[in-house]
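This report refers to the structure that appears directly beneath it.
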Amino acid sequence: MNGSNLSLKARFGHLSLGRRLLIGALFWSLFVVFGGVVAITSVYRAETVNLLDDELQTTLITLSRAIDPLDDGSGRVQDIEEQLPSDSLDPRFNTPLSGRYWAIIATDEDGNPAADIRSRSIWDGDIPISDALIAEALASPGQIVHSLLQGPADEPLRVAVQALTFPDRLTPILLLSAADRSVASAGANRLRTTLIIAMLALAGGTLISMALALRFALRPLNRVQSDVTQVRDGKLAFLDGEYPSEVQPLTDELNKLLEHNRDVVDRARTHVGNLAHALKTPLAVLRNEAVGKSQLDDVVRRQTENMLTNVESYLKRAQAAARAETLGVRTPLEPCIERLARTFNKLFGHEGKTVIAENLPSLFVRVEQQDLEEMIGNLMENACKWANSKIIVSAIEAENGKVLLSVDDDGSGLDESQREQAIKRGVRLDETAPGTGLGLSIVSDIAEMNGGDLTLSASSLGGLRATIALRRAG
């Protein structure tokens, strides 16, 4: 039982509110349509049967009034056709196989038909009566009993039979009246078809109206979704504007959550900065005091350098993590790259190295500007150190909502194993070059914290290509 409940929840839990309401309304409409059709058709059939029974009873009453209870002593019923008023019975009784029939049947001492007078409509066919119906009528004299039988023309009949007893007769007389019920059944079928069409049209119109009403009623929720997306993309700081009274409490709580998130991030930045400065100052003092040439001084210098490097690395990571948690981050890509390209052209121009920014689309990425500058700056600096003369920075928009930022150089490049080592923290492939070995590691960490990644590959310029995949902001 629990498994089936979980399966239903998994199957329908993802449905929107509008679809849930429409599905519920659809099932209810189908229940009303088919339940209503069955109920109304059943009532109509019952009423038509009642009307038919009333007609049959009227015919029986007319027949009973016309009977002469005397016989000629032979046990046969006298001919009563001349005693029936011309306007008392349906003209169809005189039309062969018309579907309307009557008969007067005399019975013997055993309750079997002995003689009969029948309407011309029966023609030369059999009177529509059964032994069971005769027995039932004889068991309840004076009561009208009904049955469904086949007529002389094999049509479905509604048959009414009444047994009458007379003081001067030893055996009862059976009065029979029958009518074709196919007309009434056809009317019920037509009514059912009409009802199905009408009620389906009514249900369909109701569902369409409900869908339009739901679309209008749920429009504020769509607006909230759009506003939250704009907050996430950095186009809005808070959810502003007027919302319906049912939605306003939700937007107020979301704004409080956004404000709380910014406060938490600001406090985290402050605490990380304070901790880093509190550690860097005593470490700098230790490093400055270890100026001697003894082994102890050398150990202190090396260890303090490692500690300062780690403090700087983790400070940048903590700051990047705090910024990555901030909602509404949105930084333009093109001006940041061009600004850094101009800076590195000034720094490395005297070495004959040129940074070229090309194919820069006007896109925004979901990264803090400081983090974006940190990543691009590290990649450009690394490329300028190892390039021969040219560094190209480019960016393209990927199909998965990412922006691919690439930095190529024409240096000697790295093989596959060296590329894997280059991203590891503190690894320096060339100890003669200045640096701490943290540049590419910091870039990789910041990219991951912002939902991206760093990959190294061979460049078409002959050197190394470093590519950052970042999330695009709307």
Side-chain angles (χ1 to χ4, degrees), residues 1-52 181-259 327-328 330 399-401 472-474:
M1 188 68 179
N2 291 334
S4 62
N5 289 337
L6 291 175
S7 177
L8 287 175
K9 289 181 179 178
R11 188 173 300 175
F12 297 106
H14 66 283
L15 293 177
S16 65
L17 294 177
R19 289 185 178 180
R20 293 182 186 187
L21 290 172
L22 286 177
I23 289 175
L26 175 62
F27 281 115
W28 175 249
S29 298
L30 292 176
F31 172 77
V32 170
V33 167
F34 291 104
V37 168
V38 170
I40 295 175
T41 304
S42 299
V43 171
Y44 178 81
R45 287 183 185 275
E47 285 299 316
T48 55
V49 169
N50 289 336
L51 292 175
L52 198 58
R181 57 187 173 89
S182 60
V183 176
S185 298
N189 292 335
R190 287 194 299 271
L191 175 64
R192 181 181 58 193
T193 302
T194 303
L195 282 174
I196 290 176
I197 295 174
M199 296 190 74
L200 284 177
L202 177 62
T206 302
L207 287 175
I208 293 174
S209 301
M210 186 176 179
L212 295 175
L214 282 174
R215 185 173 182 180
F216 176 77
L218 295 178
R219 188 176 297 173
L221 293 180
N222 295 332
R223 181 187 166 196
V224 171
Q225 179 186 7
S226 175
D227 290 349
V228 170
T229 302
Q230 293 191 59
V231 170
R232 183 193 63 190
D233 293 340
K235 296 180 180 180
L236 292 176
F238 295 98
L239 301 177
D240 56 0
E242 295 295 329
Y243 297 91
S245 57
E246 295 83 0
V247 181
Q248 190 66 47
L250 172 63
T251 58
D252 292 341
E253 292 301 321
L254 284 174
N255 284 333
K256 292 177 182 178
L257 181 61
L258 292 172
E259 186 176 359
L327 294 174
R330 187 170 182 263
E399 295 181 355
N400 56 356
R472 179 186 174 184

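How far CG of Asp252 is from CG of Leu257: 12.5 Å, rounded to the nearest 0.5 Å. To the nearest 0.5 angstrom, Leu22 atom CG is 11.0 Å from Ile208 atom CD1. Expressed to the nearest 0.5 Å, how far CG of Leu200 lies from CG of Leu207 amounts to 10.5 Å.
Thr48 is not listed as a side-chain neighbour of Leu52, based on a closest heavy-atom distance of 4.5 Å or more. Side-chain atoms of Ser29 and Thr206, non-hydrogen and from C-beta on, never get closer than 4.5 Å to each other. At a threshold of 4.5 Å between non-hydrogen side-chain atoms, the residues Leu30 and Met199 do not count as touching.
We find that Glu253 and Lys256 are joined by a salt bridge, their nearest charged nitrogen and carboxylate oxygen being less than 4.0 Å apart.
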If you apply the rule side-chain contact (heavy atoms from CB on, under 4.5 Å), what do you find for Thr193 with Ile197, and how did you get there?
CA-CA 6 Å; Thr193 302; Ile197 295 174; 4.1 Å; yes
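A search for side-chain hydrogen bond (donor to acceptor under 3.5 Å, both in side chains) contacts involving Thr251 returns Gln248, not counting sequence neighbours.
For the salt bridge (Lys or Arg N to Asp or Glu O under 4.0 Å) condition, no pair includes a residue of residues 188-216, sequence neighbours left out.
Across every non-hydrogen atom of Ala188 and Thr41, the tightest pair is O-CG2, 4.0 Å. Closest non-hydrogen pair, Ala25 versus Met210, comes out as CB-SD, 3.4 Å.
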